[in-house]
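In what follows, chains carry the letters A, B, and so on, assigned in the order in which the sequence lines appear, proteins first and then strands, with residues in each chain numbered from 1. These numbers were taken from a predicted model, which means no experiment stands behind them.
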Protein chains: 2
Amino acid sequence: MTATAERILDIMQELIQARGFSAISYQHIADALQVTKASIHYHFPTKSGLGTAVVRRYRQRLMEVMQAVAAEDGRSTLEILDLYSTPYLDFADTPDKVCLCGALAGEYMALPAEMQGEVAGFFAEHQDWLERLLERGRQRGDVAFDGPPAPMARLIFSALQGGLLVKRTNGDIGQVRDVVAALKTCLAPATQPA
Amino acid sequence: MTATAERILDIMQELIQARGFSAISYQHIADALQVTKASIHYHFPTKSGLGTAVVRRYRQRLMEVMQAVAAEDGRSTLEILDLYSTPYLDFADTPDKVCLCGALAGEYMALPAEMQGEVAGFFAEHQDWLERLLERGRQRGDVAFDGPPAPMARLIFSALQGGLLVKRTNGDIGQVRDVVAALKTCLAPATQPA
DNA sequence: GTCTATACAAAGATAGAC
DNA sequence: GTCTATCTTTGTATAGAC
């Protein structure tokens with residue numbers, strides 16, 4: 001992967017996060033990189049291939065974040081949840097970006113099959129990760145909730161994705177912060193009555 | 001509004017719910033309606049105007065649902081929440097549709113300004129409605145949660161939107177059902193210890 | 001690896017006949 | 001209201017020079 005190819009991926013990712021995949025053209029990328037369309041095609045012959053490469057890289061990066069977060073010792077489950085939420089809160093700090101896969105999910109049926117697979121895989125592995133986190137947390141006793149962990153993991157993940165999307169329409173960072181805060185109140189173990 | 005114009009709105013709405021706005025062309029609509037592109041332009045001269053009309057109608061319809069639901073007497077807050085969730089669960093029963101505004105949110109920065117306003121208004125009024133529902137419910141004592149109602153309203157709405165988007169990528173209706181179920185466990189008032 | 005030039009299809013939109 | 005025909009721009013993609 002050359003440096004230029006990486007920059008193209010960077011630009012494409014930012015564009016998708018802001019405007020989605022269908023609305024992006026090679027011209028947009030060329031303008032941002034200050035080269036011609038043909039140069040972009042040299043590095044990524046097809047738009048479908050470019051889109052797939054962007055999602056793959058994004059997916060891998062966030063997976064590394066999750067593995068690093070899970071490896072941290074001495075953190076409470078709620079602290080780990082905070083660390084997990086950090087990338088989403090960072091997106092919320094921008095005026096125009098959401099999660100790459102959250103953006104792509106809205107136009108899912110218009111995506112090339114290869115991209116659909118990457119997006120679906122991203123969602124699945126995040127929810128699996130959250131499920132394991134909740135399971136461990138409940139065993140340790142620092143989170144509490146009714147029923148099996150899978151529905152709660154789905155709630156957390158769905159809420160983060162949805163919260164980011166809503167936030168961009170109202171410009172209120174509180175949208176995502178509120179969602180995270182409300183989730184925590186749902187998970188906080190009941191303090192033993194004295 | 002003529003019957004044909006209504007059918008165009010129907011088709012456009014379905015197409016957006018499945019594929020987003022940017023990926024839809026007048027040709028797609030013309031094919032679905034079995035007429036030529038020019039006929040569509042007769043009813044809706046610009047794509048921006050057509051998109052805006054679709055969102056406006058959708059917004060209005062769901063607002064009517066909310067008003068009808070809120071007017072129902074003798075329902076518990078959790079029952080009302082179920083009624084509110086019905087349209088989302090109906091979308092979840094299709095293989096390819098999400099909430100119209102949920103789909104549009106992913107490509108928000110690529111939308112015409114007028115459509116952005118409608119989407120933002122839709123989100124705002126839904127969250128406001130949920131906030132009032134929660135406030136009343138807590139007063140009546142049939143739901144319980146920590147802190148002010150706004151964050152919980154935001155959590156519920158974000159989770160429903162996000163849940164639908166994730167559901168479409170994994171084809172599992174359980175995704176949305178789980179989210180609703182998990183939300184309910186978060187809201188259920190603690191049963192008085194005997 | 002980037003450029004110019006070009007091919008070809010699809011897009012949004014309009015004119016004017018029926 | 002719908003059609004055919006057309007305009008103009010944009011989109012994805014390739015060929016070949018530098």
What contact category does A:Ile24 fall into here, base, sugar-phosphate, or nothing, at under 4.0 angstrom with non-hydrogen atoms? sugar-phosphate

Do A:Arg57 and A:Gln13 get their side chains close enough for a donor-acceptor pair, meaning under 3.5 Å? yes

How close or far is atom C1' of C:dG12 from atom CG of B:Leu50, stated in whole angstroms? 12 Å

Does the side chain of A:Ser76 come under 3.5 Å of the side chain of A:Asp142 through a donor N or O and an acceptor N or O? no

Which part of the nucleic acid, if any, lies within reach of B:Thr36 when heavy atoms closer than 4.0 Å are counted: base, sugar-phosphate only, or nothing? base

Quick one: is D:dT2 close enough that its OP1 or OP2 comes under 4.0 Å of any side-chain N or O from B:His43? yes

d(CD, A:Gln34; P, C:dC3) in whole Å: 10 Å

Per A:His28 side chain, nearest of listed nucleotides C:dA13, D:dG11, D:dT14: D:dG11

Rounded distance (Å) that lies between atom P of D:dT2 and atom CZ of B:Arg7: 9 Å

Mind calculating the distance between OH (A:Tyr42) and C1' (D:dC18) to the nearest angstrom? 14 Å

Considering just the side-chain nitrogens and oxygens of A:Ser39, establish if one lies under 4.0 Å of OP1 or OP2 belonging to C:dT4. no

So is A:Lys167 actually on top of A:Phe91's ring, under 6.0 Å and inside 45° of the axis? no

Want to settle it: does B:Thr2 or B:Lys37 sit nearer the 5' end of DNA chain D, counting the closest nucleotide to each? B:Thr2

Please work out if A:Tyr26 contacts a base, only the sugar-phosphate, or nothing of the nucleic acid, heavy-atom cut-off 4.0 Å. sugar-phosphate

Rounded to the Å, how far apart are B:Phe21 CZ and C:dA11 P? 13 Å

Do the ring planes of A:Tyr88 and A:Phe157 sit parallel (below 30°), tilted (30 to 60°) or perpendicular (above 60°)? perpendicular

Counting only side-chain nitrogens and oxygens, does B:Ser25 get under 4.0 Å of the OP1 or OP2 atom of C:dA11? yes

Is a donor from one side chain sitting under 3.5 angstrom from an acceptor on the other, for B:Arg136 and B:Thr77? no

Let me know the distance between CG of A:Leu15 and P of D:dG11, rounded to the nearest Å. 12 Å

Within this structure, what is the NE2-to-C1' distance between A:His41 and C:dT4, rounded to whole angstrom? 14 Å

Atom CE of A:Met12 and atom C1' of D:dT12 are separated, to the nearest Å, by 12 Å

Side chain of A:Val35 (C-beta onward), nearest among C:dT2, D:dT14, D:dA13: C:dT2

